[in-house]
Amino acid sequence: MNAARYGQNGNEERVDFLKNKEKVPAKKKTGILIGIVVVLFILTSVAAFLIWFFVFKDSNSKATLSKNRIPAEPLFSGHMKLMGATYDQKLEDTDSQEFKDLAAKLETDLGEYYKIDPLLSKYYTKSIVTAFSEGVNAYYWSQFYIPVGELELVPEFSEERVLNALEKSIQEPDSRMSLNNVKIRKITASLTDPRMARSPQAEDCFLHLEAAEEVQKFSSVGYPKGYPSGSRCQWQIRASEENAISVSFPSFDIEDDCSNDFVAVFDSLSPDQSQTITKQCGQRPPSNPLMVMSSGNILLISFIADTNVQKPGFQAEYKAIPKTEVEKCGGVLSKSSGNFTSPLHPIFYPPAIDCKWSIQVSSGLKVRIKFSMFRMKEPGVDIRRCHKDYVEIMNTKYCGELSNLALTSDSNVLEVVFHSDESFTDKGFSAEYSAYDPKNPCPDKFACETGMCIAKSLQCDGWNDCGDMSDEANCKCDSDQFSCANGLCKPKLWVCDRVNDCGDGSDEKQCSCDPNEWRCGNGVCLPQDVVCNNRKDCEDGSDEASCKASPDLCSDFSFKCASGECVNKVNAECDRVSDCADKSDEAICDCGTRPYKLNRIVGGQNAELGEWPWQVSLHFMTAGHVCGASILSDRWLLSASHCFVTHSSDNLIPSNWITYSGLQYQYKISDAQQRKLKKIITHPLYSQMTYDYDIALLELSEPLVFSNTIQPICLPSSSHVFPAGMSCWVTGWGALREAGQLAMTLQKASVKIINDTVCNTVTENQVTSRMLCSGFLAGGVDACQGDSGGPLVCFEESGKWFQAGIVSWGEGCARRNKPGVYSRITKLRDWIKQEAGI
Ligand code: 4AZ
């Protein structure tokens with residue numbers, strides 16, 4: 001029986017002691033002893049198992065782990081300058097005896113040199129001479145092998161250590177004499193990707209090319225079907241001594257992640273990092289081809305690929321260009337205005353080049369200079385110091401990517417210095433300059449401190465039009481403007497709208513709600529307890545917008561998962577984080593990306609090919625382009641009802657329309673994918689009077705084939721927030737100005753989402769909740785006739801583009817205080833789902 005037990009009700013404990021007669025008899029003692037032995041045996045076995053589990057098993061798995069680690073093979077490459085050897089053309093042929101003899105001698109010597117450092121010597125495996133060039137230069141690499149057990153030594157194999165050993169050795173008198181008559185005078189060594197260790201004779205995919213005046217071609221293995229994983233190819237290109245080499249890549253489509261696959265171009269014949277011109281991966285459109293230039297008559301291109309993704313690879317064209325042409329830059333510019341560019345722009349400028357332009361205008365005048373394109377980007381460069389490539393103007397160095405660089409001189413002379421060092425080049429710059437009279441720098445315009453002239457109406461309008469805020473400083477605010485604490489003027493309408501328009505928060509500071517009240521986005525004060533009560537009390541829903549409610553609490557502002565679960569997070573869809581348990585927030589996200597790597601041309605409004613791959617042109621009967629649309633899926637387009645519901649019923653007949661996707665120029669419709677319409681669905685509540693519900697779905701008769709220039713846009717969920725002040729883009733072939741002609745080239749314009757209260761005021765309350773305003777109250781940038789039906793898209797932090805609006809209407813185009821009005825997708829999202837199933 002039990003020695004102890006608990007009372008029936010669980011509260012009371014009673015102890016019963018054993019009586020004498022119940023004590024264990026003597027003959028049972030042996031049994032107990034056996035029991036003890038058995039228990040001891042079990043305990044020992046358990047202990048033994050635990051020791052094995054935690055000590056031996058662990059060390060076994062460590063052994064397995066170290067088996068999985070791989071040895072390190074640090075690689076150093078560089079070049080050496082030889083003395084005492086005469087240059088022989090035969091040295092350029094890796095099969096010649098001359099090459100083999102001299103290479104073998106140098107390779108042996110390098111091995112000897114490393115002996116000076118016991119660590120290098122212990123782990124040294126081999127050196128290979130890969131080429132010779134005039135000078136006499138020899139190109140080489142040296143490799144070391146560090147076994148798995150000693151990987152902690154890897155950091156010891158530094159460039160400095162290797163260079164130190166080599167430099168010391170070549171200075172020793174006997175080693176300098178160790179080659180028959182040949183001495184190494186100078187040597188470089190830089191840490192190199194071990195995948196670049198290629199021997200010029202022994203392996204395939206090591207090519208020697210001779211550049212000539214006419215264009216010649218080469219391509220990656222398997223192009224265009226696809227390159228194999230594990231590609232390790234090198235192309236050594238030479239030209240005659242008076243020439244440099246240009247290489248362009250008309251077709252370039254490799255994996256996006258540069259750590260797996262990349263093309264590197266070197267201003268050398270060895271993959272010497274310090275002479276890298278550029279390293280590129282990803283896909284480039286034909287409008288933005290990679291074009292590079294050597295400084296001398298040699299160039300090395302290396303292609304490393306480790307992924308299994310089926311990508312076409314690249315095609316390259318190379319040719320020789322006289323060095324005199326390449327080095328042509330700088331000089332005196334004495335006209336009163338003009339343009340100049342960095343050497344060879346927009347081709348990558350060559351490494352190791354210096355130029356100086358001296359702009360000299362009539363005395364009494366000054367010089368204004370504006371860069372329409374400025375790209376001198378290099379990895380690891382601090383753009384405040386610009387210690388590598390730079391442009392220097394009036395003692396200031398500029399580098400990196402600059403979008404609004406505009407300067408003015410102190411006198412009638414302005415000097416522009418350009419410098420590129422030995423590694424990493426870029427597209428450079430394109431600049432225009434003009435002389436101006438300092439007494440009247442901008443006739444009939446406002447003079448920015450940057451030197452730019454802007455329309456007078458843009459001064460003190462609350463927007464930074466000059467780029468340096470000089471148009472917004474020292475403003476005497478008008479009666480309809482608010483004076484920000486930092487001196488800016490902003491429309492009074494913007495005060496207390498919950499958006500920090502001043503930048504210093506002063507427009508949102510003294511807003512008139514009591515401390516125990518909540519101020520809605522439209523300025524209305526409500527009791528504090530309306531916040532997060534799961535009911536929309538403010539007209540704009542701002543009382544429920546940022547509630548950290550419990551997951552199952554649903555409001556209009558929650559993202560609704562397919563399972564019905566609610567996620568209370570702003571813009572949860574397609575943000576690369578699975579918020580729904582069923583992962584439905586990340587399920588349909590193959591949208592809103594543009595495959596091409598694009599050029600960014602500052603100030604230009606022409607779109608590039610593939611920049612807006614969801615843009616569609618709708619052609620009506622014989623009228624040509626009439627409206628825009630956007631791609632939602634391979635079968636569905638989104639547009640505006642007002643393109644179809646007109647005075648004529650012809651517009652509602654699907655066969656009267658043709659859609660063009662992947663189009664850039666209206667005169668090149670043959671380049672686009674042409675599709676007919678099967679069905680036009682206009683919104684049943686669309687009003688021709690008010691343009692409310694201005695949305696239409698178009699079903700295609702044949703599915704689209706997605707490509708680099710044809711991709712779907714992401715649709716926001718109904719809870720998605722596009723906050724006021726956000727910069728978005730509107731695109732289309734609409735009129736270039738009010739009552740003007742349609743554009744031939746697809747246009748893009750950056751516009752800002754405008755606060756609803758402001759939107760309502762400036763449109764005299766004509767906007768409904770199915771509409772949103774976007775543009776600039778100052779005017780100047782807007783959608784226009786012919787853009788209707790086209791998309792207003794915004795780039796989200798997740799890296800995807802979402803459609804916020806459909807171009808719908810506006811009073812004229814780009815007028816002051818008359819922003820563009822768009823159909824608000826979030827309010828029409830459920831209808832899209834209902835009609836198209838997306
Ligand atoms: C139109 O007629 C139109 N400024 C589209 C947009 C705007 C004005 C007119 C906005 O298609």
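Just so you know, ligand 1 is whichever comes first in the structure, and atom 1 is the first atom listed for that ligand. Fair warning: this is a prediction, and the values are worked out from it, not measured in the lab.
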Engineer: So, Cys591 with Cys574, SGs under 2.5 angstrom?
Structural biologist: no
Engineer: Is it the case that Glu835 and His683 place a side-chain donor and acceptor less than 3.5 Å from each other?
Structural biologist: no
Engineer: Suppose we screen for side-chain contact (heavy atoms from CB on, under 4.5 Å). Which residues come up paired with Lys833, at least two apart in sequence or across chains?
Structural biologist: Arg829
Engineer: Quick one: are the Cys489 and Cys475 sulfurs under 2.5 Å apart?
Structural biologist: no
Engineer: Tell me if the SG of Cys477 lies under 2.5 Å from the SG of Cys460.
Structural biologist: no
Engineer: For ligand 1, what are the residues with a heavy-atom contact below 4.0 Å?
Structural biologist: Asp782, Ala783, Cys784, Gln785, Gly786, Ser788, Val807, Trp809, Gly810, Gly812, Cys813
Engineer: Please determine, by modelled atom types, if Asp575 and Ser798 share a side-chain donor-acceptor pair under 3.5 angstrom.
Structural biologist: no
